[in-house]
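Below, chain A is the first sequence line, B the second, and so on; all start at residue 1.
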Amino acid sequence: MATKYWLMKTEPTTYSIQDLAKEKKKTTTWEGVRNYQARNLLRDELKKGDRVLFYHSACKEPAVVGLAVVDREGYPDSFAFDPDHKYFDAKSKKDKPTWFMVDIKLDQIFAEPVTLSELRDQASLKEMVLLQKGSRLSVQPVKKSEFDKIVKLAEKKSA
DNA sequence: GCCAACGTTGGC
DNA sequence: GCCAACGTTGGC
């Protein structure tokens with residue numbers, strides 16, 4: 001199976017790439033996705049070894065801040081089963097879970113994040129899901145060419 | 001803090 | 001099945 005490429009959004013005030021770097025094995029569960037389109041991707045499409053652009057949203061400088069790798073493929077989001085947790089969802093049953101999550105592992109933190117406005121400046125990135133009007137999918141597919149371009153932009157900035 | 005865009009809910 | 005009301009996302 002060919003490696004696929006994804007972009008995953010997080011609000012850094014909730015969970016940042018620096019938080020991921022502090023994790024014992026630099027891995028974390030990616031729980032709390034409560035959107036069906038994103039759920040389908042987590043459940044069916046993200047495969048171990050797939051590459052991830054780690055994106056900070058709803059902050060001063062929205063940007064791709066680094067890279068991660070899918071460490072565990074989709075499995076039921078157990079946070080949905082905990083009535084005391086903010087991600088609890090009574091509709092999701094253990095024998096028939098509504099929501100799924102993956103685990104991801106840090107690959108690298110960019111020395112210089114690639115900002116949203118820099119992404120918009122690139123003609124070759126015009127078709128990125130992230131840049132489409134009204135797009136707010138928190139897990140979204142990325143083309144290999146887009147992924148490679150962004151890694152190159154990050155390298156260029158920190159060179 | 002504002003507000004456009006989108007997703008979900010629920011009455012009918 | 002329609003659609004208005006509401007809640008959320010996320011850039012600015």
Side-chain angles (χ1 to χ4, degrees), chain A residues 4-23 28-46 50-68 70 74-104 106-143 145-147 149-154 156-158:
Chain A
K4 283 176 289 187
Y5 300 85
W6 309 97
L7 180 145
M8 295 169 83
K9 291 183 193 172
T10 175
E11 301 188 13
T13 50
T14 303
Y15 191 89
S16 70
I17 199 165
Q18 288 76 22
D19 292 325
L20 177 56
K22 282 182 212 140
E23 304 283 357
T28 187
T29 53
W30 204 260
E31 70 276 10
V33 172
R34 295 292 179 267
N35 167 283
Y36 285 100
Q37 210 181 333
R39 185 281 310 269
N40 293 346
L41 296 175
L42 290 177
R43 187 190 56 193
D44 306 330
E45 301 294 333
L46 275 73
D50 283 357
R51 318 272 318 260
V52 175
L53 296 168
F54 198 104
Y55 181 82
H56 281 176
S57 69
C59 55
K60 259 208 185 102
E61 189 86 285
V64 177
V65 293
L67 305 177
V70 176
Y75 61 107
D77 183 339
S78 52
F79 293 80
F81 306 139
D82 177 359
D84 296 325
H85 199 275
K86 66 169 174 171
Y87 290 141
F88 176 65
D89 182 352
K91 292 194 304 294
S92 189
K93 306 294 183 191
K94 282 186 184 169
D95 56 348
K96 201 170 183 266
T98 307
W99 305 114
F100 286 75
M101 59 186 181
V102 298
D103 293 351
I104 65 166
L106 182 66
D107 177 357
Q108 59 164 297
I109 298 180
F110 290 158
E112 297 289 339
V114 181
T115 67
L116 179 60
S117 70
E118 288 168 337
L119 298 178
R120 289 198 195 285
D121 287 341
Q122 301 297 322
S124 58
L125 298 179
K126 283 265 187 300
E127 288 177 18
M128 272 191 84
V129 175
L130 181 74
L131 304 183
Q132 303 314 304
K133 185 173 174 168
S135 160
R136 31 179 246 197
L137 251 193
S138 63
V139 178
Q140 48 179 259
V142 172
K143 291 179 193 156
S145 61
E146 294 165 345
F147 184 94
K149 177 72 183 178
I150 291 167
V151 171
K152 227 178 242 170
L153 286 173
K156 201 168 163 190
K157 277 190 82 171
S158 53

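Atom pair A:K60:NZ and B:dG1:C1' shows a separation of 15 Å (rounding to whole Å applied). Per the geometry, CZ belonging to A:R34 stands 18 Å off C1' belonging to B:dT9, to the nearest Å. Atom-to-atom, CG of A:N35 to P of C:dT8 comes out at 14 Å; the value is rounded to the nearest Å. Look at CG on A:D89: it is 14 Å from P on C:dT8, rounded to the nearest Å. Across the protein-nucleic acid pair, A:E11 atom CD and C:dT9 atom P stand 7 Å apart, rounded to whole Å. For the pair A:Q140 CD and B:dG7 C1', the interatomic distance rounds to 16 Å; values are reported in whole Å.
With distances taken from any side-chain atom of A:K91 to the nucleotides C:dG10, B:dT9, B:dA5, the minimum falls on B:dT9. Among the nucleotides C:dG11, C:dT8, B:dT9, the one closest to the side chain of A:R136 is C:dT8. For A:Y36, taking side-chain heavy atoms from C-beta onward, the closest of the listed nucleotides B:dT9, C:dG11, B:dT8 is B:dT8. Among C:dC12, B:dG7, C:dG10, the nucleotide with an atom closest to any side-chain atom of A:Q37 is B:dG7. For A:S57, the side-chain atoms get nearest to C:dG10 when compared with the rest of C:dC12, B:dG7, C:dG10. Considering only the side chain of A:K9, C:dG10 comes nearest among C:dG10, B:dG7, C:dG11.
Phosphate contact (OP1/OP2 of C:dG11, side-chain N/O of A:Y55, threshold under 4.0 Å): present. A close approach under 4.0 Å does not occur between any side-chain nitrogen or oxygen of A:K133 and OP1 or OP2 of B:dA4.
The neighbour count for A:K157 NZ, taken as heavy atoms of other residues, nucleotides or ligands under 6.0 Å away, is above 12.
Ring geometry for A:F79 against A:Y87 counts as perpendicular: the plane angle is over 60°, on a 0 to 90° scale with 30° as the lower cut.
Here A:W99 and A:Y75 keep their ring centres 6.0 angstrom or further from each other. For A:W30 and A:F54, the ring centers sit closer than 6.0 Å to each other.
With respect to A:D77, the salt bridge (Lys or Arg N to Asp or Glu O under 4.0 Å) criterion is satisfied by exactly one of A:R39, A:R34, A:R43: A:R34.
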